[in-house]
Structure formats: C-alpha cells, structure tokens
Amino acid sequence: MDFGFNQEQEMLRATARKFLENECPSTFVRKMMDDPAGVTPDFWQKLAEQGWLGLIYPEAFGGVGLGFVDLSVLMEEMGRVVVPGPYFSTVLLGGLAIQEAGSESQKKEWLTKISGGSAKVTLALTEPNARWDAAGVTLRAREARGGFTLSGTKLFVHDAHTADALVVAARTANGASPEDGVSLFLVPKDARGLEVKLLPTMDQTRKLCEVTLKDVGVGSDALVGEKGKGWQPLARVVDRATVALCAEMCGGAQKILEMTTEYAKIRVAFGKPIGSYQGVKHRAADMLVDVENAKSITYYAAWAVDEQVAEAPLAASMAKAYVSDAYRKVAAAGIQLHGGIGFTWEHDLHLYFKRAWTTALTHGDSSTLRRQAFERAHEHG
C-alpha cells in the first residue's frame, strides 16, 4: 500500500477544495437545508461538469474511470463543507448498484445519465424492522403478467423525493439463508402505486424519505441482475458506500479541528488565549489523534476496495465503526471548546455536529458495525 497521494490525487483535492469553497459556502448549505429538493439544478450541473458524478464509473458509460481512493479524496473535501444534495445517494447508492449488478443496457442508460447530470437514482434498502442485513429485506416481489408486483415499505431512503428511479431491494423467494431470494428492481419515480413522503430529520442537509409501494407493477426488464441473487452485489455497494461515508466524515472532523484550533488562538480568557491552557491543548491533541486515525483506517479501506483484497468488507466495517465514533467525539469537543458560541444557530459547528450523528447511523451504528466486523474477521480467518 502506498501511504502517499499521487500527483493526480493532490490535484483533485486542490481543485475540489477551491470549487467547493466558492460554490458551496455555509450560506448555500443553509439555504439548501430549507429547500425541499436539497440542491439547485445549477449546482448539480456544475458537479457533472467537473466529472464528479461519474468519477468512478467506466468511461464507456460517460464516467471518468477513477478508483475508490480518488473518490475518497473528493468525499473528504465534500465533508469539509457539508455538501448538501443527493450526491451520495445517486453516485454511491443507486448508481453503484446499477454498476455492480445491472445489465449492459441498464448501465449504458442510467450511468450515462447520472454522469451527465440528467438523472438521479437512489437505493431503497432499509425497512421498518430497522435491520441492515439480508434478513431485513421483507418487501415482497411476486411474479405477475410477465413482470413483478412489489408491495411493502422502505424507510430512511436517501433523496427518494427527487430521484428519477429507485433501486429497490425486494424478496422474491425464501431461500436456505436470508441472503438467498433477494432481488433488485429499478422502479421509475412515476410508477403507479409508488408513494414517497419526505421525513423530518435532524440533519436537514441530507433528505430522507419513506417509500411505500402498493402493488407496484414493473416489467421483467426492471430486474437488476439475477433474480434471487441480488444480495451479494448489494452488500458490495453498501460496503463501498460506507467507505465513502467514512471519507466524508474525515473531512468534516478535519474542518472542526481547524475551526477549533483557530478559535483557541484568538479567544482570550483571563488575559491570554485559551489555546495556551494545558487542558485545551490536551483536548485539541485528542481531536488530532482521532482525526488522523480516522483518515488512516479510511484510506486503508479505500485502498482495499480498489485492490479487491479479500478483507475489503472487513476493512469497511472496521472503518465505519471507528470513524463514526471519532467524528462524534471531535464534533462534541469542538462545540465544548468553543463554549457558548458553539451552541448558537449562527455558528456553523452545528452543521457538522448534526451530520456526524446522522451519518454515524447510516448503514449501521458503531455497535452494529463492530459486531459485523467480528463476524467478517471470523469468516476471513
């Protein structure tokens, strides 16, 4: 493993930081918090022009063809500014599911549209049972009239209200194990019987929805991948999206650290900057250790994904378990060291604090991920 970044990755980081500082200041983020869509068409198109919507997709489908370490560099920069909108749901959930399991025609149609900024796709996985494993997929898909009929409810679906299509995980059969019998379906937003409800959330920069499917009929061409064999590619999608989330969290934690240390230099108490006091120094040092450890485990996981090593799923689980806790700890410490001003609506720290807590629960909390990591370590031997 190369522990440094190459010239292209450093260029990507510099370009992304400059672009996002100009196009996504906190004033824009706050505006999008109140916007039901969560993003403007202009901003979305600019992301497409940068090539970021197709960064990890093959060039044959309009993408750039870069790797997951490259994507992690970009996600880290996005985390620094708490980028709003459906980038994560479109590129790393819906789009990646189509790339992993879709047919050539599905990839050509949807990945090309996603890369060009003309379509948004999300993944409908979790249900009211609040499980992240294959046993949690209970929404039924029954064969009927040469196609399928889907019935059930999905919860906490990212950006379903603005998606042009949803990749829905459904159960077509009860197999010997929960992993058997899970299938993926591409359901258009205007399908009859599909209802989407926007949910109130703590982090308004990332929209979540409840999706209800009432006898939604789709053709056989809506099947993404093999019938009953959808869990394996879906698990890979979730693992990779989890690594990307870790990179985003690293960026947010790094920004909090910078904001806090800068504040400690200028905030004067008892005649001198608070950063000169030993207690503040120790707390800032702990924040730095958390941030650096989070980056190390995240980029190892990203490298493992790129190299397709056997322990990549284990690395993803370990990274999310650690980084989730680290981001929340850094966010809490940042607010405490800022004192009263850190609790105000006018200060940007609350944007990061909310993102830290909501992201920590996405794809499983740290306790769930630690249990998953233990199970995967046992499987890995």
Distance only, no hydrogens: is a donor on one side chain within 3.5 Å (strictly under) of an acceptor on the other, for [X] and [Y]?
{"X": "Ser296", "Y": "Asn293", "result": "no"}
{"X": "Gln254", "Y": "Glu258", "result": "yes"}
{"X": "Tyr327", "Y": "Glu248", "result": "no"}
{"X": "Thr112", "Y": "Lys108", "result": "no"}
{"X": "Asp365", "Y": "Thr368", "result": "yes"}
{"X": "Thr205", "Y": "Arg355", "result": "yes"}

### Query
Taking everything shown except Tyr277 itself, do over 12 heavy atoms lie less than 6.0 Å from its OH?
yes
### Message
For the CH2 atom on Trp357, are there more than 12 heavy atoms of other groups (residues, nucleotides or ligands in this structure) within a distance under 6.0 Å?
### Response
no
Mark yes or no for whether [X], through its side chain, and [Y], through its backbone, hold a donor-acceptor pair below 3.5 Å.
{"X": "Tyr322", "Y": "Thr298", "answer": "no"}
{"X": "Thr362", "Y": "Thr358", "answer": "yes"}
{"X": "His347", "Y": "Gly342", "answer": "no"}

### Task
Working to the nearest 0.5 Å, report the span between CD of Gln106 and CG of Leu223.
7.5 Å
For the pair [X] and [Y], find out whether any cationic side-chain nitrogen is under 4.0 Å from an anionic carboxylate oxygen.
{"X": "Lys189", "Y": "Asp164", "result": "yes"}
{"X": "Asp34", "Y": "Arg30", "result": "no"}
{"X": "Asp133", "Y": "Arg371", "result": "no"}

### Query
What orientation do His363 and Phe88 show, parallel under 30°, tilted 30 to 60°, or perpendicular over 60°?
tilted
### Message
Would Arg131 and Glu127 count as a salt bridge (charged side-chain N to carboxylate O under 4.0 Å, His left out) here? Give the steps.
### Response
CA-CA 7 Å; Arg131 298 186 62 148; Glu127 300 184 12; over 6 Å; no
